[in-house]
Amino acid sequence: MQRKVIIFSSLLLGVAIIFAFFYQSSEPFAVNGTGNPTSEKDTQTVLSDKKWLLTFTKEFKQDSIKEDESIYVTDKDGNRVEANLDVSKDFVTVSPPEGGYDPSKGPYELHISGEIESVDGKTLGKQKSIKFTAMKQLPTVTSKKELNSLFSARLEQMKQERGESKSLFGFGREESTTGSDDSASSGAADADMATSESESSGSSAGHSETNVQVQGVDEADIVKTDGDFIYQATDQKLKITKAEPVDEMTVLTELRYKDFNPHQLFLDGNQLVVIGHYWDEKMMYGETKSSEGDMIMPMYEATKAIIYDITDRSNPVVQKTVTMEGFYVSSRKIDNHVYLITNKYADFWTLEEHPEADLRPRVSDTQGEEEGDLKGVPYEDIRYFPDSTEDNFMTIATLDLNQLQEDASITTYVGSGNQIYMSKENLYVAVPNYGYGPHWANNESTEIYKFAVNGTTVEFQANGAIPGHLLNQFSMDEYKGHFRVAATKGQAWDEKSPSSNHLFILDEGMNVLSSVEDLARGERIYSVRFMQDKAYVVTFKEVDPLFVFDLSNPADPKVLGELKIPGFSNYLHPYDENHLIGFGYDTKLEKDQWGTRVMTNGVKISLFDVSDPTNPLEKHTEIIGGQSTHSPLNHDHKALLFNKDKDIFAFPITKYDENQKDGSYRLNFEGAMVYGIDPEKGFTLHTKITHQKENTLYEDWENMVQRILYIDDHLYTVTPKEVKATKITW
């Protein structure tokens, strides 16, 4: 038996060696252009101010790109167009002529020479080209025929790609095409930023507020308070608790839902917006026909927003109900306007058997509690991002809480994004574009679409592109008319083509104005925080470099300092202008027969002194628990309660300690930890609050602390089961 195991293991090792040899020898050098992937014979539609971002699967020789020879654009008559070429280490940007591409002179063609070389001497092979037409505005879908034709073309393209990828080594450089077969699927802002970011989860009033990214732009959360009542969405219920006075705290309202699971709330005076997942069994199964005989797709996912009048907290009254087919992406609230964003996958594979299927997302807008009929978004309200490789519908609904008798303003876009950043004036949507084939990660890029926001009006303004992918909403920021974004290109685990990290500054037209590139090779971004004319970026693989950027001159950003320490920060929060709080994990390196592994070793809080940006220091640290210790704050910034004046840095946590006898980890504590922070003394644990029973072996979900609030001189810990008040005594 042992002999058979040895023989089998040897065979597996031999196969792995052969696979690795062929994989490395067949690694292609290919180029990908931002845009919906098409074959060379197809023509793309782009906006007239399109900036082509060409990414490569390998680092290329910059001197192999000859001016006016290697990359250039021609119009329909074959005449050269005065496009601007910007060659960087990892990518090439082709910007349009002044005023953009003239739609009447298309179709155009972007030519890429096959003589462009990688650093290891490979070339692209034959010349590549992208044919495209230009439009001044985002194209609008005007009919079912046009929408279904759009997805039918995508279906054919995916079938072609699937056929070409059947061979494991079928991605050689001769087969790669650009754009392509190698692809898959201002003053008010200054005022906001001038306010102290350290109060972002506190309030000058007598109660805390949700920890948000941008002052004046509220974010929905599972718990809200107005200083008198606590509103909570949990376990398919809405609960309203009377919080004051503490000795008379009681649950006034508990609404249970049948086909609705609330998980996000907005509070605006005497109005409460409850957002959650909605399902309708009648529409989830089977195929139905409309009156015209067309197939209507089953509804798999929907998002509902219910607006309540809570003048009487013990008797909330439904004012309006908006239902949108698709899963919840994000939402924001500015003054009395709520912006709700959903994504719906377009099940276009159905077109093979049902070419007349209605793929549109459906919406319903009704007054009061009555359920309205879900109807498809009008075709004239559907636009599409011509550059996107995403096959989803993104729907943006805007509600005016002061004018609920008016229908919500709804616009839908084909080609959705999953990362959202919003200032008081603009909404930014990040749309990923993925490469195709081996080392696809080095071909990835991100399109960013900018929308001007004014009340219920959300209008497309411009778009730009950067190489790489974003971590989360904190990767983006707007300041003094400029858009700043940090991205990772490639994957940290890919040692053959190491990842790299970049920071870009874009102007109001979403053109890349400047950048700092190629930071921390082989690592990826773990957290980002923009603070006025500074930026702080944490990357990680085995140690945690904290980079400090000077962005005071948007045309010339610089790295001022770098700090390398064990562990990493998932989240960065400003303490004051000279100090930054990092929240993440401590780490340790373990060696075994497979090599060196990085293991998390407890939650870590750091206080960074950035008073000298050229020499950032980790001034104080606090490590909580051992392996398996975790906190919602590691992935959700809204789990933090911070108020500098009250000396509160509080968060939920589940703490595990190591058993020295057998090396196992056992539950030590679950609940809220409340720290004080002093730049000189460091971290002080003020108190620990738990709702769990004594000597419990495992945390009980119903008693797990989800949020910590303060009202006047009490902390309130909120679990799915109850709310507890604790006197602030420090």
Side-chain angles (χ1 to χ4, degrees), residues 203 205-210 212 217-246 248-278 303-324 328 331-340 364-372 397-408 456 638 706-707 709-712 714 716 718-723 725:
S203 172
H207 62 86
S208 57
E209 297 175 352
T210 300
V212 299
V217 181
D218 195 13
E219 300 180 32
D221 198 11
I222 57 176
V223 175
K224 294 282 186 178
T225 184
D226 55 14
D228 294 311
F229 302 90
I230 294 173
Y231 309 86
Q232 180 185 6
T234 181
D235 195 23
Q236 221 168 318
K237 299 190 294 283
L238 169 66
K239 293 172 65 175
I240 302 178
T241 300
K242 184 177 182 295
E244 289 284 317
V246 172
E248 297 178 13
M249 186 165 54
T250 183
V251 176
L252 289 182
T253 298
E254 185 171 293
L255 297 179
R256 294 180 179 270
Y257 301 98
K258 179 183 178 183
D259 51 7
F260 176 62
N261 188 22
H263 51 75
Q264 298 283 271
L265 303 173
F266 281 118
L267 181 63
D268 190 79
N270 285 326
Q271 290 176 301
L272 184 67
V273 182
V274 183
I275 303 167
H277 172 67
Y278 166 74
T303 300
K304 178 183 284 189
I306 305 174
I307 297 90
Y308 288 95
D309 180 339
I310 53 171
T311 303
D312 180 358
R313 265 59 176 182
S314 63
N315 183 33
V317 177
V318 177
Q319 293 179 290
K320 189 181 187 69
T321 303
V322 176
T323 305
M324 305 162 62
Y328 174 80
S331 59
R332 298 289 188 273
K333 187 176 84 70
I334 300 175
D335 298 327
N336 55 294
H337 292 98
V338 172
Y339 303 87
L340 178 62
S364 171
D365 187 334
T366 60
Q367 302 293 316
E369 295 190 65
E370 289 188 13
E371 291 290 346
T398 308
L399 297 87
D400 185 344
L401 299 180
N402 292 344
Q403 302 290 333
L404 289 180
Q405 71 278 10
E406 301 290 335
D407 286 345
T456 58
K638 290 178 279 190
Q706 296 176 314
R707 293 291 186 267
L709 317 171
Y710 76 76
I711 300 175
D712 296 330
H714 280 84
Y716 291 79
V718 182
T719 74
K721 187 176 183 179
E722 65 176 354
V723 177

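For this chain, numbers begin at 1 and follow the sequence in order.
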Ignoring hydrogens and geometry, is there a side-chain-to-backbone donor-acceptor pair from Thr321 to Gly368 under 3.5 Å? yes
Closest approach of Ala220 to Gln264 (non-hydrogen atoms, all atoms of both residues): O-OE1, 3.2 Å
Quick check: closest heavy atoms across Asn336 and Asp268, and the distance to 0.1 Å? CA-OD1, 4.4 Å
Between CG of Leu272 and CG of Asn270, what distance do you get to the nearest 0.5 Å? 10.5 Å
Are any non-hydrogen side-chain atoms of Thr303 and Ile275 less than 4.5 angstrom apart? yes
Hey, what do you get for NZ (Lys638) to CD (Glu209), rounding to the nearest 0.5 Å? 14.5 Å
From Leu401 CG over to Asp309 CG, what is the distance, rounded to the nearest 0.5 angstrom? 11.5 Å
Checking Gln236 side chain against Arg256 main chain: does a donor-acceptor pair fall under 3.5 Å? no
Report yes if some heavy atom in the side chain of Leu267 is under 4.5 Å from a heavy atom in the side chain of Ile310; otherwise report no. yes
With rounding to the nearest 0.5 angstrom, report the CD1 to CD distance, Ile711 to Glu244. 5.5 Å
Please set out all donor-acceptor pairs under 3.5 angstrom arising from side-chain atoms of residues 222-229, sequence neighbours excluded.
unit_1: Lys224; atom_1: NZ; unit_2: Thr210; atom_2: OG1; d: 2.9
unit_1: Lys224; atom_1: NZ; unit_2: Asp218; atom_2: OD1; d: 3.0
unit_1: Lys224; atom_1: NZ; unit_2: Asp218; atom_2: OD2; d: 3.2
unit_1: Lys224; atom_1: NZ; unit_2: Glu219; atom_2: O; d: 2.9
unit_1: Thr225; atom_1: OG1; unit_2: Gly227; atom_2: N; d: 3.2
unit_1: Thr225; atom_1: OG1; unit_2: Phe229; atom_2: O; d: 2.8
unit_1: Asp226; atom_1: OD1; unit_2: Asp228; atom_2: N; d: 3.0
unit_1: Asp226; atom_1: OD1; unit_2: Phe229; atom_2: N; d: 2.8
unit_1: Asp226; atom_1: OD2; unit_2: Tyr231; atom_2: OH; d: 2.7
unit_1: Asp226; atom_1: OD2; unit_2: Arg313; atom_2: NH2; d: 3.2

State, yes or no, whether a side-chain contact exists between Phe266 and Leu399 at a heavy-atom distance under 4.5 Å. no
Might you confirm whether atom CG of Asp335 has over 12 heavy atoms from other residues, nucleotides or ligands at distances under 6.0 Å? no
To check you understand the geometry: which heavy-atom pair defines the closest contact between Lys239 and Pro720, and what is its length? NZ-O, 3.6 Å
For Gln319 and Leu404, indicate whether the former's side chain and the latter's backbone hold a donor-acceptor pair under 3.5 Å. no
Note: Ala725 and Tyr716 closest approach over all heavy atoms is CB-CE2, 3.7 Å
Within a strict 4.5 Å, meaning less than it, do heavy atoms of the Val718 and Thr241 side chains meet? no
Gln232 side chain to Thr719 main-chain N or O, any donor-acceptor pair under 3.5 Å? yes
Using a strict 4.0 Å threshold on nitrogen-to-oxygen distance, state whether Asp365 and Lys320 make a salt bridge. yes
Is there a donor-acceptor pair closer than 3.5 Å between any side-chain N or O of Thr250 and the backbone N or O of Lys242? no
Got a donor-acceptor contact below 3.5 angstrom from the Asp400 side chain to the Asn402 backbone? yes
Non-neighbouring partners of Tyr328 that pass ring-ring contact (aromatic ring centres under 6.0 Å, His included), sequence neighbours left out: His263
Decide yes or no for His714 and Met249: does some side-chain heavy atom of the first lie under 4.5 Å from some side-chain heavy atom of the second? no
Just how far is it from atom OG1 of Thr398 to atom CG of Asp407, taken to the nearest 0.5 Å? 12.5 Å
Are side-chain heavy atoms of Phe260 and Val274 found at a separation under 4.5 Å? yes
Find the distance between OG1 (Thr253) and CD1 (Ile240) and round it off to the nearest 0.5 Å. 4.5 Å
Could you walk me through whether Thr311 and Val317 pass the side chain to side chain contact (heavy atoms under 4.5 Å, CB included) check? CA-CA 9 Å; Thr311 303; Val317 177; over 6 Å; no
